[in-house]
Enquirer: 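The following block contains the structure, expressed as structure tokens.
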Amino acid sequence: MGKDVIIACDFPNKEKVMEFLDKFKEEKPYVKIGMELFYGAGPEIVREIKKRGHKIFLDLKLHDIPNTVKSAMKVLSNLDVDMCNLHAGGGSKMMQAAIEGLTREDGTRPMLIAVTQLTSTSQELMENDLLIKEPIDKVVMHYAKTAADSGLDGVVCSPLEAEKVHSVCGNGFVTVTPGIRFADGEVGDQVRITTPEKAKEIGSDYIVVGRPITAAEDPVAAYRRCVKEFVG
Ligand code: C5P
């Protein structure tokens, strides 16, 4: 499993993201494009960043009826993204339909990972708003197992959950983990955080790093530090 650092490019428009990527003269970092940039700049932004030689994780978290997700995934697959995602809460039929939609005629497809419960979901929210009474850890692991059984490649989770996800779903099941901060860096609004070095130790497969790189005085140096700590 190739470990890699994915930069969360949470920029509002094309100019800002290109200005940021222009700083990288030697490396072509793996880039995460989220809803803000995708909805603001349109699918063209994916093609342009891809053309520059970057791998792309398109973080749109699809959640709809199976047929709609299947058709939408087909479009994303044609955009040639490397990784995309959905909400495991859509159920196994939706996840299986997503894989069908993603799979190209030649049998290849982007990696597909699931969001289990969002990190913004608390036990209280789950019980009161969703009427799910089980402990959140158990729910997260159940969703991860359902995703694995539906043929998905992995989940987005906290690095602190990566070890358990691997023990429940197997070591080949990929963990993509945000919530990364340097030991001497700013924490911001993240709560359960880990350093790149610690994420490596716990067994994360990919770390998603936003502000510690994008808001750094020298983003290229910050990226290199992440790679050094996480990949070695
Ligand atoms: O700037 P920062 O490193 O906190 O960015 C983390 C990125 O990962 C953001 O794009 C955020 O939306 C995303 N993310 C997260 N926690 C999750 C899922 C996604 O921080 N559970």
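Every number for a ligand or one of its atoms is a count from 1 in the order of the listing.
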Enquirer: Could you give the N/O to N/O pairs under 3.5 Å linking ligand 1 and the protein, each with its distance?
Expert:
from, atom 1, to, atom 2, distance (Å)
ligand 1, 1 (O), R211, N, 2.7
ligand 1, 1 (O), R211, NE, 2.7
ligand 1, 3 (O), R181, NH1, 2.9
ligand 1, 3 (O), G210, N, 2.8
ligand 1, 4 (O), R181, NH2, 2.8
ligand 1, 4 (O), Q190, NE2, 2.9
ligand 1, 4 (O), R211, NH2, 2.8
ligand 1, 10 (O), D10, OD1, 3.4
ligand 1, 10 (O), D10, OD2, 2.8
ligand 1, 10 (O), K32, NZ, 3.0
ligand 1, 20 (O), Q190, NE2, 2.9
ligand 1, 21 (N), T119, OG1, 2.8

Enquirer: Any salt bridge linking R47 with D80? Criterion: basic side-chain nitrogen under 4.0 Å from a carboxylate oxygen.
Expert: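 Looking at R47 and D80, the cut-off is not met.
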Enquirer: State which residue, out of I113, L62, I33, L112, fulfils the side-chain contact (heavy atoms from CB on, under 4.5 Å) condition with C84.
Expert: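 When I113, L62, I33, L112 are each tested with C84, the side-chain contact (heavy atoms from CB on, under 4.5 Å) holds only for L112.
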Enquirer: State the CG-CG distance between L37 and N13, to the nearest 0.5 angstrom.
Expert: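 If I round to the nearest 0.5 Å, the distance is 8.0 Å.
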Enquirer: Sequence neighbours left out, cut at 3.5 Å: what donor-acceptor pairs do the side chains of residues 67-74 make with other protein atoms?
Expert:
from, atom 1, to, atom 2, distance (Å)
K70, NZ, E100, OE1, 3.1
S71, OG, N67, O, 2.9

Enquirer: Is it possible for you to say whether L130 and V140 belong to one hydrophobic cluster, with membership spreading through side-chain heavy-atom contacts below 4.5 Å?
Expert: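 As far as the 4.5 Å side-chain criterion goes, V140 and L130 are connected within one cluster.
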Enquirer: Test H54 against every option in D82, I7, V31, V46 by the side-chain contact (heavy atoms from CB on, under 4.5 Å) rule and name the one that passes.
Expert: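 Only match with H54 under side-chain contact (heavy atoms from CB on, under 4.5 Å): V31.
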